[in-house]
Every structure is written in structure tokens, then in C-alpha cells.
> 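Below: one structure in C-alpha cells.
Positions are given from 1 along the sequence. No hydrogens, no waters, no symmetry mates; every other heavy atom, side chains included, goes into these values.
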Amino acid sequence: QVQLVESGGGLVQAGGSLRLSCAASGRTFSNYYMAWFRQAPGKERELVAAINWGSGSVRYADSVKGRFTISRDNAKNTMYLQMNNLEPEDTAVYYCAADLRYRANTTYNYWGQGTQVTVSS
């Protein structure tokens, strides 16, 4: 059974940094796409970044390019999202997701429980 567990959220001032982690278990993820989504109050869940676990190729939403970096550690079966120069608009619950195919929508098969990120101005 696939399990995704996020951690690393918290409260930070604008301009600060946080690193989110997503610990994955339950199968080999070398053929999977892993992604970070976020959902702010009253808004739809949106894709932030995605990574092909095997090749390491990455994609980013325009709103986070140059500020966020997605990565993975094969040995630890963990995906990361390094978030720098955070803005109040980045405030949201952040979710990790996994699937065999890349999609920019929310139809991924596997989801974590989410971690809250709050950026104060």
C-alpha cells in the first residue's frame, strides 16, 4: 500500500524559507511522477512542481519558478520542496502526490495528508 507522509510546514515571515519533505513507502517509485500541490483557502488545488523519480526531470508552476526547488533522495525514498523567498500568496496546505503518469491536474492516484505553510507579511 502506497503511503505518502508530508512534513516541514510551519509559519514563516515573507522572504523566509522552508523545506517540505514527503516520505514515500509501499513500492518502488522509480517509474513514478511525484508532485507537490497546494490549496489555499477558497481556491482550487494547484500543481506547484513535479519530478520524474527515475530521470529527475522537473517541472514548475510559473508562480514558483526561481524560488522553489523540487528534488528527491532515492536512498531515503523522500521527495523535497525547498521554498525560498516565500510570499504571503504561498500560504496554503501543501500536498505530495504520486502516479505513474504526469498530469497537471489533481487526478493523481496517491496523496499525502498535507502540511500547512503560512507566510506572514
> Tell me the closest heavy-atom pair linking Asn74 and Trp53, and the distance in Å.
OD1-NE1, 2.9 Å
> To the nearest 0.5 Å, what is the distance between OG on Ser121 and CD on Gln13?
9.5 Å
> Side chain to side chain contact (heavy atoms under 4.5 Å, CB included) between Thr69 and Tyr60: does it pass, once the steps are laid out?
CA-CA 8 Å; Thr69 303; Tyr60 295 97; 3.8 Å; yes
> Nearest 0.5 Å, what's the CG-OG distance between Leu81 and Ser71?
8.5 Å
> For residues 42-52, which side-chain donor-acceptor pairs fall under 3.5 Å, sequence neighbours excluded?
unit_1 : atom_1 : unit_2 : atom_2 : d
Arg45  : NE     : Gln39  : OE1    : 3.2
Arg45  : NH2    : Gln39  : OE1    : 3.3
Glu46  : OE2    : Arg38  : NE     : 2.7
Glu46  : OE2    : Arg38  : NH2    : 3.3
Asn52  : OD1    : Gly54  : N      : 2.9
Asn52  : OD1    : Ser55  : N      : 2.8
Asn52  : OD1    : Ser55  : OG     : 3.3
Asn52  : ND2    : Tyr33  : OH     : 3.4

> Identify whether Leu100 and Phe37 are in the same connected component of the hydrophobic contact network (ILVMFWY, side-chain heavy atoms under 4.5 Å).
no
> Side chains of Leu4 and Tyr95: closer than 4.5 Å at any heavy-atom pair?
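Leu4 vs Tyr95: side chains apart.
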> Just by distance, do the side chain of Glu6 and the backbone of Cys22 share a donor-acceptor pair under 3.5 Å?
no
> After noting the C-alpha distance and the side-chain angles of Tyr108 and Tyr102, does the key distance pass the side chain to side chain contact (heavy atoms under 4.5 Å, CB included) rule?
CA-CA 8 Å; Tyr108 281 63; Tyr102 168 78; 3.6 Å; yes
> Quick check: do Arg72 and Tyr32 have side-chain heavy atoms less than 4.5 Å from each other?
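SC-SC contact between Arg72 and Tyr32 ruled out.
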> Measuring from Met34:CE to Tyr80:OH, what's the distance to the nearest 0.5 Å?
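It comes to 11.5 Å.
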> Can you list every salt bridge (charged side-chain N to carboxylate O under 4.0 Å, His left out) pair that touches residues 101-120, not counting sequence neighbours?
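Passing the test, one end in residues 101-120: Asp99-Arg103.
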> What distance separates Met79 CE from Phe29 CZ, expressed to the nearest 0.5 Å?
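Between Met79 CE and Phe29 CZ, I get 10.0 Å after rounding to 0.5 Å.
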> Once you round to the nearest 0.5 Å, how far does CG of Leu18 lie from CD of Gln82?
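Between atom CG of Leu18 and atom CD of Gln82 there are 8.5 Å.
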> For Ser21 and Thr78, work out which heavy atoms get closest and say how close.
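Nearest heavy atoms, Ser21 then Thr78: CB-CG2, 4.1 Å.
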> Pair Trp36, Phe68 - check side chain to side chain contact (heavy atoms under 4.5 Å, CB included), show working.
CA-CA 11 Å; Trp36 287 100; Phe68 291 10; over 6 Å; no
> Give me the atom names and distance for the closest heavy-atom approach of Ala14 to Pro88.
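Taking every non-hydrogen atom into account, CB-CD, 4.1 Å.
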> With sequence neighbours excluded, what pairs up with Gln116 under the side chain to side chain donor-acceptor pair (under 3.5 Å) test?
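Thr118.
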> Once rounded to the nearest 0.5 Å, what's the spacing between atom OG of Ser63 and atom CG of Asp90?
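Here the interatomic distance stands at 7.5 Å.
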